[in-house]
Amino acid sequence: MQHDTTTRKAQARNLAAIRRNAAFLDIQAAQQVAAASRSFSDYLADIFGDRLADVTLAGYMPMRSEISPLDIMANHPGPVGVPVILRAGTPLEFHRWTPQTTMIEGAFKALIPANADPVIPQALIVPMLAFDRRGYRLGYGGGFYDRTLEKLRSAGPVLAVGLAFDAQICDDLPTEATDQQLDAIITGSGVIWTRG
Ligand SMILES: Nc1nc2c(c(=O)[nH]1)N(C=O)[C@@H](CNc1ccc(C(=O)N[C@@H](CCC(=O)O)C(=O)O)cc1)CN2
Ligand SMILES: Nc1ncnc2c1ncn2[C@@H]1O[C@H](COP(=O)(O)OP(=O)(O)OP(=O)(O)O)[C@@H](O)[C@H]1O
């Protein structure tokens, strides 16, 4: 009898520890997302000042464990777009998004607006798997953001800012000639200026 209770308590302890751990990680992540969102919005306001409402911002619909930029997007005073893949090997388009926009599944299961309203961003929140202090990033390997930033930058100044968890930082990543550097990366700890 005593043995039974001891065993059952041990099992209950294992389960409780898993549950508490998940709750702990949820809170830590939510706090990082909130802190990164505040830093990002402050950063944009510092750079663009009273022109912020004229700036078109590209965000993204978060997939997998990407940090969510949705609060930043919803609070931006100007137009907001999200990436849309037209074809492999071509730059992304950005289609107008608001919190009310009806979304459908696009290529690679990323959500895209049901109705296409293309916009050209002057500032981009760039998703990624990893980044380094030089501003190089690792995406899912399609080269979409590299091609997109190359095209946008050849037409005029654009600000490309990574949004990430602190844990996504890496020592110098492998790079190639077509990799476009980010102007900064923003995490829950603040702005990381790149050596771009
Ligand atoms: N939220 C978000 N939206 C985005 C991007 C992104 O990185 N994040 N993209 C940024 O470019 C584009 C989507 N690019 C993607 C490219 C590959 C895979 C992907 O799942 N790749 C598989 C391999 C697929 C295959 O080879 O068939 C994988 O990684 O396992 C997903 C998205 C546009 N929208
Ligand atoms: N501007 C470009 N012109 C031609 N090829 C390119 C260009 N940019 C990237 N590529 C090629 O695309 C492929 C994928 O690039 P890379 O591995 O850097 O993708 P990624 O940055 O991780 O993905 P993504 O930008 O979609 O998140 C590479 O073979 C790269 O050489």
Side-chain angles (χ1 to χ4, degrees), residues 29-30 32-33 36-37 40 56-76 79-99 101-165 167-188 192 194-196:
Q32 283 203 54
V33 175
S37 299
F40 198 99
T56 298
L57 176 69
Y60 56 87
M61 300 308 292
M63 316 174 28
R64 305 179 193 168
S65 51
E66 285 172 345
I67 188 166
S68 174
L70 292 173
D71 281 347
I72 301 166
M73 291 156 62
N75 291 322
H76 181 63
V80 175
V82 294
V84 176
I85 294 176
L86 299 181
R87 230 167 309 110
T90 68
L92 297 162
E93 264 193 359
F94 295 92
H95 293 177
R96 182 83 197 260
W97 173 92
T98 74
T101 299
T102 303
M103 307 296 284
I104 58 173
E105 207 167 87
F108 296 113
K109 300 202 181 268
L111 291 178
I112 59 170
N115 298 308
D117 177 5
V119 294
I120 311 267
Q122 290 89 45
L124 293 91
I125 312 175
V126 182
M128 60 188 152
L129 274 169
F131 67 92
D132 69 22
R133 288 188 186 280
R134 299 173 300 172
Y136 285 108
R137 63 178 269 285
L138 207 56
Y140 291 132
F144 288 106
Y145 274 93
D146 293 325
R147 289 188 177 84
T148 305
L149 288 173
E150 183 189 18
K151 182 181 170 192
L152 292 172
R153 282 172 166 160
S154 72
V158 287
L159 186 71
V161 185
L163 188 69
F165 294 107
Q168 287 171 258
I169 196 164
C170 283
D171 290 336
D172 290 0
L173 290 165
T175 62
E176 58 189 309
T178 48
D179 287 328
Q180 293 280 323
Q181 282 166 277
L182 301 170
D183 296 294
I185 294 104
I186 296 180
T187 70
I192 296 170
T194 62
R195 299 186 258 110

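Every number for a ligand or one of its atoms is a count from 1 in the order of the listing.
Contact atoms of ligand 2 toward F144: 24 (P), 25 (O), 26 (O) (distance under 4.0 Å to a heavy atom of the residue). With ligand atoms numbered from 1 in the order given, ligand 1 contributes 11 (O) to contacts under 4.0 Å with heavy atoms of F144. Near Y140, meaning under 4.0 Å from any of its heavy atoms, are these atoms of ligand 2: 22 (O), 23 (O), 27 (O). Of all atoms in ligand 2, numbered sequentially from 1 with element shown, those under 4.0 Å from a heavy atom of E176 are 28 (C), 30 (C), 31 (O). Interface atoms of ligand 1 facing I85, defined by a heavy-atom separation under 4.0 Å, are 12 (C), 13 (C), 14 (N), 33 (C). The contact set between ligand 1 and Y140, taken as ligand atoms under 4.0 Å from a residue heavy atom, comprises 7 (O), 15 (C), 16 (C), 17 (C), 18 (C), 31 (C), 32 (C). Atoms of ligand 2 found under 4.0 Å from any heavy atom of D179, numbered from 1 in the order shown, are 18 (O).
Of all protein heavy atoms, the one closest to atom 18 (O) of ligand 2 is D146 OD2, 2.9 Å. At the shortest separation from atom 10 (C) of ligand 1 among protein heavy atoms lies Y145 CE1, 3.5 Å. Ranking protein heavy atoms by distance to atom 1 (N) of ligand 2, first place goes to E150 OE1, 2.7 Å. The protein non-hydrogen atom at the shortest distance from atom 25 (O) of ligand 2 is Y145 N, 2.9 Å. Regarding atom 4 (C) of ligand 2, its nearest protein heavy-atom neighbour is R147 NH2, 3.8 Å. For atom 27 (O) of ligand 2, the closest non-hydrogen atom of the protein is R137 NH2, 2.7 Å. The protein heavy-atom contact nearest to atom 15 (O) of ligand 2 is G143 CA, 3.4 Å. Atom 9 (C) of ligand 2 has as its closest protein heavy atom T178 OG1, 3.5 Å. Counting only heavy atoms of the protein, atom 22 (O) of ligand 2 lies nearest to G139 N, 2.7 Å. The protein heavy atom nearest to atom 3 (N) of ligand 1 is M63 SD, 3.9 Å.
When the options T187, I125, V33 are evaluated for a side-chain contact (heavy atoms from CB on, under 4.5 Å) with I67, the one that passes is V33.
Contacts between M128 and ligand 2, counted as non-hydrogen atom pairs separated by less than 4.0 Å, are absent for every part of the residue. Within the 4.0 Å heavy-atom criterion, neither part of L129 lies near ligand 2.
The shortest side-chain heavy-atom distance between T90 and R147 does not fall under the 4.5 Å cut-off. Side-chain atoms of L182 and R137, non-hydrogen and from C-beta on, do get closer than 4.5 Å to each other. Contact check for Y145 versus M128: no side-chain heavy atoms found under the 4.5 Å cut-off. Residues R96 and P79 meet the side-chain proximity criterion, which asks for heavy atoms closer than 4.5 Å. Using a 4.5 Å heavy-atom cutoff, the side chains of I169 and F131 are in contact. Side-chain contact between H95 and T101 is absent, with no heavy atoms from C-beta onward closer than 4.5 Å. Residues N75 and F40 fail the side-chain proximity criterion, which asks for heavy atoms closer than 4.5 Å. Taking 4.5 Å as the limit, some side-chain heavy atom of L163 sits within range of a side-chain heavy atom of I72.
Of the protein's heavy atoms, at least one falls inside 4.0 Å of atom 15 (C) of ligand 1. Within the 4.0 angstrom cut-off, atom 8 (N) of ligand 1 has one or more protein heavy-atom neighbours.
The option from A88, P62, P83 that lies nearest to atom 4 (C) of ligand 1, judged by heavy atoms, is P83. The nearest non-hydrogen atom to atom 17 (O) of ligand 2, considering only G141, A177, P83, comes from G141. Considering only non-hydrogen atoms, atom 27 (O) of ligand 1 lies nearest to F108 out of F108, Y60, F94. For atom 19 (C) of ligand 1, the nearest non-hydrogen atom from the set E66, M61, R64 belongs to R64.
The main-chain N or O of L92 is found under 3.5 Å from a side-chain atom of T148 such that the two form a donor-acceptor pair. Side chain of Q122 to backbone of I120: a donor-acceptor contact under 3.5 angstrom is found. Listed for the D132 side chain is a donor-acceptor partner under 3.5 Å among the backbone atoms of G135.
Ring geometry for F144 against F108 counts as perpendicular: the plane angle is over 60°, on a 0 to 90° scale with 30° as the lower cut.
Counting non-hydrogen atoms of neighbouring residues, nucleotides and ligands closer than 6.0 angstrom, the CG atom of N115 reaches no more than 12 such neighbours. Dense packing is recorded around CG of L86, with more than 12 heavy atoms of other residues, nucleotides or ligands lying under 6.0 Å away.
Using a 4.0 Å cutoff on heavy atoms, G139 does not count as a contact of ligand 1.
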